[in-house]
Amino acid sequence: MGRLRIATVWLGGCSGCHMSFLDLDEFLIDLAGKVDLVYSPLIDVKEYPENVDVCLIEGAVCNRDNLEMLLDVRERTKVLVSFGDCAVTGNVPAIRNQLGARSSENVLQTAYIDNAQANQRLPSKDGIIPTLLERVRPIHEVVAVEAYMPGCPPSAQRIRALLECVLEGRPPKLEGEMLRFG
Amino acid sequence: MRAEGLDHQVYCRSRPVNTETTTPWDKTAVAALTPLQASDKRYKILEAHIKKYQGRQDALIEVLHKAQELFGFLEDSLLLFVGSRLKLPPSRVYGVATFYHYFKLKPQGAHTCVVCLGTACYVRGSDRVLAAIEQSAGIKSGETTEDKQLSLMTARCIGACSIAPAVVYDGVIHPKQDPESALAQLKGWLPHGN
Amino acid sequence: MAAKTLNINGKQVSADEGATILEAAIEAGIKIPTLCHLDGVYDAGACRLCLVEVTGVNKLLSACTTRIAEGMEVHTDTEQLRKYRRMTLELLFAERNHTCSACVSNGHCELQALAWQNGMDHVRYDYCFPRWSVDASHPRYGLDHNRCILCTRCVRVCWHIEGAGTKNVAGRGAKSFIIDDLAQPWGDSETCTSCGKCVIACPTGALFTRGSTVAEMERDPSKLAFIVNARERKQWVV
Amino acid sequence: MVIEDLVEIAEKERAGGKKTIIRCCMAASCMSSRSEAVKAGLEKAVKDAGLSDQVEVRGVGCMRLCCQGPLVGVEPGNILYQKVEPEDAASLVASTQGAPTDVERGDPEQPFFKKQLSIVLSNSGVVDPERIESYIGADGYKALHSVLFEMTPKELIDHIIASGLRGRGGAGYPTGLKWATVAKTPSAQKYVVCNGDEGDPGAFMDRSVLESDPHSVLEGMAIAGYAVGANQGFIYVRAEYPLAIKRLQIAIRQARQIGLIGSGIFESPFHFTVDIRIGAGAYVCGEETALMASIEGKRGTPRPRPPFPAESGLWNSPTLINNVETFANIAPIVRKGADWYASIGTAKSKGTKVFALAGKIENTGLIEVPMGTTLRQIVEEMGGGAPGGASIKAVQTGGPSGGCIPANELDTPVDYESLTRLGSIMGSGGMIVMDESTRMPEVARYFMEFCMDESCGKCIPCRAGTAQMHHLLDRIVKRQGTARDLATLEELCDMVARTSLCGLGQNAPNPVRSTLRYFRNEYLALLAPGSNGQLAREEQTANSH
């Protein structure tokens with residue numbers, strides 16, 4: 001068996017989960033000895049590769065880019081892990097869903113006009129911000145997910161517990177207080 | 001998108017209660033009517049009705065029925081009045097008044113139109129009748145037109161299933177309605193007359 | 001009072017006649033999850049987390065409201081019950097806006113704790129994202145309807161321990177909400193004594209002390225049972 | 001009031017009868033087709049023709065074939081007129097004297113009438129519901145007298161047990177056993193409650209009984225009061241039934257005036273008073289513990305059982321709750337005997353059942369048939385099938401707590417067990433016929449919306465579960481649902497049914513489950529393309545805007 005091909009992906013989230021990943025400290029060195037990190041915001045790879053064994057996905061599905069990326073990831077990954085509360089529940093990015101059916105419009109209005117101190121105008125140039133989805137969704141509402149790692153952010157201890165499952169060839173699963181949201 | 005059907009409004013009110021009546025329930029077993037209420041004959045009738053039930057707290061729903069019949073809807077001062085007479089906290093009166101859909105806390109239109117959405121009416125097309133009225137009146141079920149002429153409501157079943165679809169106009173049941181007959185009936189109640 | 005003997009999860013247990021299944025289980029050190037139950041006030045049987053199986057009874061019974069009987073055989077932790085409990089919790093999380101990470105009760109929340117204790121790693125239902133307001137009109141306390149699970153612990157405490165009758169449930173179904181007096185801003189309530197018992201009773205972050213920020217809201221509901229016991233057993237002598 | 005007075009009223013009522021009686025239906029359906037004006041016209045025409053001493057115009061309760069209203073019957077001759085207009089009055093009155101008339105005739109011999117067997121409805125359409133004398137003339141209140149003077153409460157209860165009567169509110173609990181439990185529970189104060197909160201959409205049997213024969217319910221309640229030792233009764237009626245409320249008020253007033261309700265009934269030591277409580281638009285109040293909360297003036301939320309109302313009900317006193325139709329069966333059982341009653345119906349379901357026929361069916365109205373009559377006899381023979389020769393697809397019974405029975409099960413006999421076996425319930429007796437144009441997933445969504453709106457909000461499975469099930473059904477109906485959504489829906493159906501606090505939630509999944517059982521293909525045809533429970537990629541991106 002070859003080395004495990006592992007990826008991490010950052011969708012609509014604050015990157016706190018990835019920061020927590022870095023808190024794995026010396027375990028990162030162990031990990032580097034056993035797996036290949038084939039895609040991650042922490043490394044410089046542009047294209048999500050084929051045949052990924054395990055992918056930790058941080059963040060909710062907030063915009064069109066997130067959605068396209070996630071669908072690609074799903075197609076090319078064996079085990080998908082919802083990484084952190086945003087991925088698992090929608091969390092803070094999903095608060096805008098309370099604005100109702102036109103939440104994407106409303107959230108821009110709130111952010112760039114109502115609450116702006118100066119330069120009150122909507123970003124209009126194409127591609128400056130990706131097209132927002134009308135509803136922010138947790139990962140499993142969009143694609144099938146194999147395992148969930150709640151936490152905002154999940155502690156390094158949780159991340160390690162899950163990765164150890166993977167390294168030992170068990171299906172990744174957290175239990176007990178490791179499942180606590182927030 | 002998807003969960004639209006689950007969204008609902010903000011239900012909490014920000015309007016402070018009308019404190020003119022100043023009747024916190026605990027002080028008021030024998031509270032006098034305010035001058036404004038004393039001059040209103042309807043309060044006398046309501047008080048007499050409450051006496052008929054000897055002020056029993058379990059008569060709350062009956063008293064609210066009477067109050068709504070007299071006043072058309074249950075405004076805050078009226079709820080406070082009922083609470084004080086039955087020695088019930090305001091929260092209890094409000095909790096009951098909002099549990100039962102028959103009670104209205106907002107003024108109603110001069111005319112009412114209740115579309116029955118019972119199963120028999122539904123399978124015979126009451127949804128189309130409702131849609132036609134909503135479109136023509138420019139209001140949704142539960143709302144009143146801006147000129148306060150028409151309140152549109154729906155009922156879960158009025159038991160008139162054998163003459164479905166049934167619509168109640170100003171308290172009178174009309175049998176076998178369709179969009180055309182319903183709109184004809186509402187002619188004159190709607191601002192634009194169609 | 002006569003004792004009755006029953007069997008809970010295969011263990012022989014005895015408890016006073018008139019005790020509930022929940023009380024008998026607690027006495028025997030058997031944990032049954034609860035949410036709307038609060039020591040010191042009467043039970044509503046509303047949250048359905050404490051449902052148990054009783055041999056010979058077709059329906060599931062709420063442990064908090066069902067009295068024990070001699071020879072009763074109770075199961076509190078079957079696979080089916082675990083499945084229903086998790087679903088109940090998922091329904092609660094999907095119903096309003098429980099953003100744990102941004103909640104005053106994060107880390108001290110009964111709902112949050114029940115979720116992990118019952119193995120809820122995600123919610124399978126679509127979140128409803130209703131719009132509810134926050135009432136911050138009271139000088140000392142706040143009410144965030146987004147976090148409310150309608151357990152009515154605050155209402156029962158307000159009526160039966162404090163005796164003020166300020167709080168109640170208004171409306172119906174998913175549109176029910178907690179009110180003060182005539183659903184006016186809490187700060188305008190004429191009946192509220194500002195005793196704060198409702199805040200102590202709240203299992204989530206719905207009721208909170210103003211000024212608390214994320215994860216700061218801790219409370220000790222056992223104080224409420226203490227008051228009731230002291231009162232009923234006349235433990236205070238002046 | 002003693003028995004001689006009662007006999008005197010009855011004899012006077014019968015002797016006072018005129019040669020010809022014109023019965024004019026004054027129940028809600030016919031009144032909505034102007035039967036009041038018809039009656040006024042008939043009265044005037046009788047007067048104008050100088051026939052006042054020979055012809056009586058009598059306002060009566062429901063004459064059953066509501067779709068052909070207003071209905072008018074003429075005796076002697078058993079003549080039925082339908083769709084009568086006020087302008088027809090003169091011609092109709094003249095016809096009683098032998099003149100020809102072209103008012104539309106109905107056929108009283110058609111199967112709709114001939115297949116019926118009346119116990120509960122025997123006075124309906126015959127007696128004047130606003131005159132107690134009319135009811136007494138039809139042997140009214142005789143049963144009350146005979147139990148007070150000829151039976152001990154125990155004998156009476158044994159009599160009801162022997163009759164095999166089961167609750168007509170839906171669940172079918174044996175009435176006599178319920179009475180026995182309340183009777184056995186020691187308490188100085190007990191209550192009898194009549195559940196007239198007929199909330200199932202499509203059901204109007206109780207309304208018709210209250211409008212047509214209110215005294216039969218009062219008499220049944222008084223007999224029950226005697227049996228269980230209660231001296232106070234409450235009738236809980238929906239606010240949506242103003243005519244029924246009015247007639248009950250009249251009935252109670254009249255019965256009180258002549259001493260058939262109140263203290264010392266028939267100069268016995270038995271006291272019994274009845275008060276009306278009017279509902280205010282909450283379906284859940286049909287559930288007995290919620291109904292009791294409502295009578296106590298509270299929010300109509302149910303509470304867990306046990307304790308059952310028979311042990312601890314209204315104001316914590318033992319309380320007997322039966323529904324309108326159950327009480328209406330009591331006096332006939334006492335008068336004619338338990339054996340007679342037990343001889344009607346099937347082995348486990350005795351007597352008759354009143355059904356409200358509605359929906360896509362030729363003859364809509366009220367029918368009363370012996371238990372065990374097949375659905376086919378009811379909808380095809382009596383109901384005349386779907387209008388315009390359309391084929392019947394399903395029959396919905398039991399309202400939002402019931403299910404849809406497919407056409408290929410129409411030969412099922414109507415009794416409690418058979419309907420339950422088909423995944424439906426007897427319910428209170430609404431029977432709504434659906435033809436091939438009805439789409440079952442939409443029907444399921446309709447009922448789920450009903451339950452969601454009517455959920456009281458107290459327990460989580462019902463409050464939040466019905467909302468999620470409605471959301472899933474809505475998504476499926478809109479062709480956005482996946483196989484995973486369908487699985488989630490079915491799992492929720494099981495959970496809500498098993499864990500909800502009261503009957504509303506426990507039965508809310510029934511319409512979904514029964515339509516899934518018989519019409520699963522309709523659901524599958526609506527599922528959006530995709531695999532592994534997820535929407536296909538094209539759908540996802542297409543939906544993202």
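For clarity, every value in this text was computed on a predicted model and none was experimentally measured. A, B, ... follow the sequence lines: proteins, then strands. Residue 1 opens every chain.
- For D/S294, the parts sitting under 4.5 Å from any heavy atom of chain B are the backbone and the side chain alike.
- For D/P387, the part lying near chain B is the side chain, with the backbone staying farther off; criterion is any non-hydrogen pair under 4.5 Å.
- Contacts of D/S208 with chain B are absent, with no heavy-atom separation under 4.5 Å from either backbone or side chain.
- Using a 4.5 Å cut-off between heavy atoms, D/I278 contacts chain B through both its backbone and its side chain.
- Looking at D/I276, only its backbone comes within 4.5 Å of chain B, counting heavy atoms on both sides.
- With D/R299 contributing its side chain and B/V96 its backbone, the two residues share no donor-acceptor pair below 3.5 Å.
- Residues D/C285 and B/Y100 come closest through the heavy atom pair SG-CE2, 3.7 Å.
- With rounding to the nearest 0.5 angstrom, the SG atom of B/C161 is 6.0 Å from the CD1 atom of D/I432.
- Counting heavy-atom pairs closer than 4.5 Å to chain B, the top residue among D/A358, D/G300, D/C456 is D/G300.
- With chain B as partner, the option from D/Y241, D/Y446, D/F447 having the largest number of non-hydrogen pairs under 4.5 angstrom is D/Y446.
- When heavy atoms are compared at a cutoff of 4.5 Å, D/N363 does not approach chain B at all.
- Under a 3.5 Å cut-off, the side chain of D/K360 and the backbone N or O of B/A120 do not form any donor-acceptor pair.
- When all heavy atoms of D/A280 and B/H65 are compared, the pair lying nearest together is CB-NE2, 3.9 Å.
- With values rounded to the nearest 0.5 angstrom, B/Y122 atom OH is found 14.0 Å from D/F450 atom CZ.
- Per-residue heavy-atom pair counts under 4.5 Å with chain B were compared for D/G281, D/G457, D/S32, and the maximum is reached by D/S32.
- Contacts between B/V172 and chain D at a heavy-atom distance below 4.5 Å are absent for every atom of the residue.
- Proximity to chain B (any heavy atom under 4.5 Å) is restricted, for D/A203, to the backbone atoms N, CA, C and O.
- The environment of OH in B/Y102 is sparse: at most 12 heavy-atom neighbours from other residues, nucleotides or ligands sit within 6.0 Å.
- Considering only heavy atoms from C-beta on, B/H101 stays 4.5 Å or farther from D/D453 through its side chain.
- Two residues are said to be in side-chain contact when any heavy atoms from C-beta on lie closer than 4.5 Å; B/F99 and D/V284 meet this criterion.
- Closest heavy-atom contact between D/F204 and B/G159: CB-O, 3.1 Å.
- Between chain D and the residues B/T98, B/I163, B/I173, B/T119, the most heavy-atom pairs under 4.5 angstrom are made by B/T119.
- Contacts between D/R238 and chain B at a heavy-atom distance below 4.5 Å involve the side chain alone, from C-beta outward.
- Interface check for chain B: of the options D/K478, D/R277, D/E296, the most heavy-atom pairs under 4.5 Å are formed by D/R277.
- Proximity to chain B (any heavy atom under 4.5 Å) is shown, for D/E442, by both the backbone and the side chain.
- Heavy-atom pairs under 4.5 Å with chain B peak, among D/G69, D/G359, D/S437, at D/G359.
- Atom CD of D/E36 has 12 or fewer neighbouring heavy atoms from other residues, nucleotides or ligands inside a 6.0 Å radius.
- Chain D forms more heavy-atom pairs under 4.5 Å with one residue of B/L117, B/I158, B/L60, B/I61 than with any other, namely B/I61.
- Note that SG of B/C157 is 8.5 Å distant from CD of D/E240, once rounded to the nearest 0.5 Å.
- The environment of B/R42 atom CZ is dense: over 12 non-hydrogen atoms of other residues, nucleotides or ligands sit within 6.0 angstrom.
- Heavy atoms only, all atoms of each residue included: D/S29 and B/S162 are closest at OG-OG, 3.3 Å.
- The line from NZ of D/K298 to CG of B/L88 is 10.5 Å long, rounded to the nearest 0.5 Å.
- Taken to the nearest 0.5 Å, the OH atom of D/Y283 stands 11.0 Å off from the CZ atom of B/R156.
- Interface residue D/I295: only backbone heavy atoms are found under 4.5 Å from chain B.
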